[in-house]
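Working notes for the structure below.
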Amino acid sequence: MMKEVIHPMDKYLRTEIFPTAFCPGCGCGTILNLYTHAIDELGINPEEIISVTGIGCSSWIPSPYFKGDTLHTTHGRPIAFATGVKVMKPEKKVVVIAGDGDLAGIGGNHLLHASRRNIGLVVILVNNLNYGMTGGQVSPTTPCGIKTTTTPFGNSEYPIDIASVVAAAGANYVARWTTFHFYQLKECIKEALNKKGFVFIEVISQCPTSYGKMTGLRTGLDFLKKFEKLSININYVKDRFFTDIEDKIVVGKIVEREREEFVNNLKKINEEKIKSLQ
Amino acid sequence: MTDNNIRKNYLKKYSEKTFFILGDEAAGYGALYAGCNFFAGYPITPASEVAELMARELPCVNGYYVQMEDEIGSISAVIGAVWAGAKGMTATSGPGFSLMQENIGYACMTETPCVILNVQRSGPSTGQATKPAQGDMMQARWGTHGDHEIIALSPNSVQETFYLMIDAFNLSEEYRNPVIVLTDGEIGHVREKIIFPDPDKIKLKERKLAKKEEHIFGGSNIPPMSELGKGQFLHITGSTHLEDGMRDVSTQKVHDVLVRRIYSKINGNRDKIVRYESKFLEDAEILLVSYGVSSRPSLGAVLRARQDGIKIGYLRLITIWPFPDKIFREFDKSNIKKILVPEMNLGQLFREIQRFVRCDVISLSRIGGVSFSVKEIYDVIKEL
């Protein structure tokens, strides 16, 4: 009789709804794997984590697959929903995982203001450079010139360097890695989970199905090789932030600050107010 | 001290005292009396005073005010906070209310109790930003996409705004549904006398929480709720879902059962939700139906007409949605031959009434940001 094989990370997953909806070669599985490893290595009880997600493939990483509280919200709004959650549950780790369309496109304003507010969220933006779930349309992070289903003659726009924007907006911690940087990304997530204030990780990820269909990158491996070739650590670049997937990908920690966290500030006001009333 | 005790202790200072305040402020105080401890909002005339009041008062009851970057963020933060255990609300006006529609639908689909106060202003678009109107009656009902039910209440005074906010929170908890309160630029900005009650005498509907393993998205017509962060591994989604919350968007029956249940929990309890005020119905041959700001000059006109011996009745809707259809169906058996409907829009209530009665319904519509005078309505009644 064959022995049942149980993956060591299964205990963090809703395996009863497997297989996942992710396409072969997708980067979402890698990130889910790393995320559970990071939680496992830190010894965090999943009951302490509340995942909030939007609409799109990347949002499916924790919702529904991560066995914990998962609040699956509307397109672009997970950070705004998570703001309400964090204010009421500041003792929990509130994690937003969503895509570039969700967080840099339709919900870009919430990302900007949550960074400014420095609210204690861990935001993992899975940047697969296109709208994958809807079939590969151009996104705010698609490089210039790239053909997608809605830029059949090449993208006329320039991509946003979203990690740099978040760093400028005031987040306490900003880093960028790719799915090729398996170990570094896991360590980064671990560091992020223990950091106070607004924490942002951009993960450049692969989408062989949708982004690959008009760019010729047809397997996950094609992307990983490209990520390896183009990545350069932030310690070795003068222009610290600039990233363009067709040119170079600057990886590493972009910003680390120690500003007071937003909900903490609110709580202080309440404590003083209530004390003064007694 | 528990938050509830902190809140009650604080509100005691207002207990049974008389104030002279804005309708918007009364709405905020009503929310505080109802146990609201989370407000997210974005400035907009004529609703900003609600946010300003909540920013001042919420810290005193250990609640939280968050000013979001837009109205979409505001309603989102409210829903998130409610799932994290809060009693939450937001306040806005027309343009902001338009922006909130998608997530009002999310609140309906995820059965999230919350209160949305819409201090209506003259639209469409930016319209007359500071002026009153009643043009969002249908948007309150049908603004979000898909089949859903909504509860909407509309007060016509500062004191009633206070009490209807408490009602709104209670109804939202009772039916696990968003509740919309429709005031307008005039009721929101008018200053009137208000007497605050003793907070101990206010009955609050507390959230029914599920026991472990109990389904929170089915199993009964109004399932118990739960809270994030309690180790129950909730899955909450605006996608079609099973009774345990897990997504199933491909089975016809799952969607049918879910959406019909959400629909029926409001529709099937119309009689309990419907509130109205009526006068002189016994001998009425003409009926005036109004609500909110328009009902005030309407009542004045009815009183004058009755002094002239005109047999006119007065009906003021307090619950706008679900629509009080039953009372209108009964008018067919009465002596009422004409119904006059003054309202500050181009006939939204008028058309709804037409659906339920056989007699003549006459629209007295007014737009442009100036409310009716008693004389204007009285003159129309005289001509009927």
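In the text below, chain A, chain B and the rest are named by the order of the sequence lines, each starting its count at 1. All values below were derived from every heavy atom in this structure, side-chain atoms included, with hydrogens, water molecules and symmetry-related copies excluded.
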Could you check if a side-chain atom of [X] sits within less than 4.5 angstrom of a side-chain atom of [Y], using non-hydrogen atoms only?
X: A/His113; Y: B/Gln67; value: no
X: B/Phe233; Y: A/Arg14; value: yes
X: A/Trp60; Y: B/Arg247; value: yes
X: A/Met88; Y: B/Tyr64; value: yes
X: A/Val85; Y: B/Trp83; value: no

Part of [X] lying under 4.5 Å from any heavy atom of chain B:
X: A/Pro46; answer: both
X: A/Leu277; answer: side chain
X: A/Ile79; answer: neither
X: A/Lys67; answer: both
X: A/Glu91; answer: neither
X: A/Phe66; answer: neither

Go through the atoms of [X] and report whether side chain, backbone, both or neither lie under 4.5 Å from a heavy atom of chain A.
X: B/Ala40; value: neither
X: B/Asn62; value: both
X: B/Tyr65; value: backbone

Select, from [options], the one with the greatest count of heavy-atom pairs under 4.5 Å involving chain B.
options: A/Leu112, A/Ile17, A/Asn109; answer: A/Asn109
options: A/Val52, A/Leu71, A/Thr53; answer: A/Leu71
options: A/Asn45, A/Ile49, A/Thr73, A/Ile55; answer: A/Thr73
options: A/Glu272, A/Arg116, A/His110; answer: A/His110
options: A/Pro64, A/Ala114, A/Gly76, A/Pro78; answer: A/Pro64
options: A/Glu48, A/Glu271, A/Arg117; answer: A/Arg117

Any donor-acceptor pair under 3.5 Å from [X] side chain to [Y] backbone:
X: A/Lys92; Y: B/Gly229; value: yes
X: A/Thr70; Y: B/Leu234; value: yes
X: A/Asp69; Y: B/Gln232; value: no

If you tally heavy-atom pairs under 4.5 Å against chain A, which of [options] wins?
options: B/Val82, B/Ile75, B/Asn9, B/Asp70; answer: B/Asp70
options: B/Ser76, B/Ser239, B/Gly80; answer: B/Ser76
options: B/Gly88, B/Gly63, B/Pro59; answer: B/Pro59

How long is the gap from [atom1] on [X] to [atom2] on [Y], to the nearest 0.5 Å?
X: B/Ile6; Y: A/Gln278; atom1: CD1; atom2: CD; answer: 7.0 Å
X: B/Ile236; Y: A/Ile50; atom1: CD1; atom2: CD1; answer: 9.0 Å
X: A/His75; Y: B/Glu102; atom1: NE2; atom2: CD; answer: 9.0 Å
X: A/Ile106; Y: B/Ile72; atom1: CD1; atom2: CD1; answer: 7.5 Å

### Message
Please check if the number of heavy atoms outside B/Asn5 that lie under 6.0 Å from its CG is greater than 12.
### Response
yes
### Over 12 non-hydrogen atoms of neighbours within 6.0 angstrom of NZ in A/Lys196
no
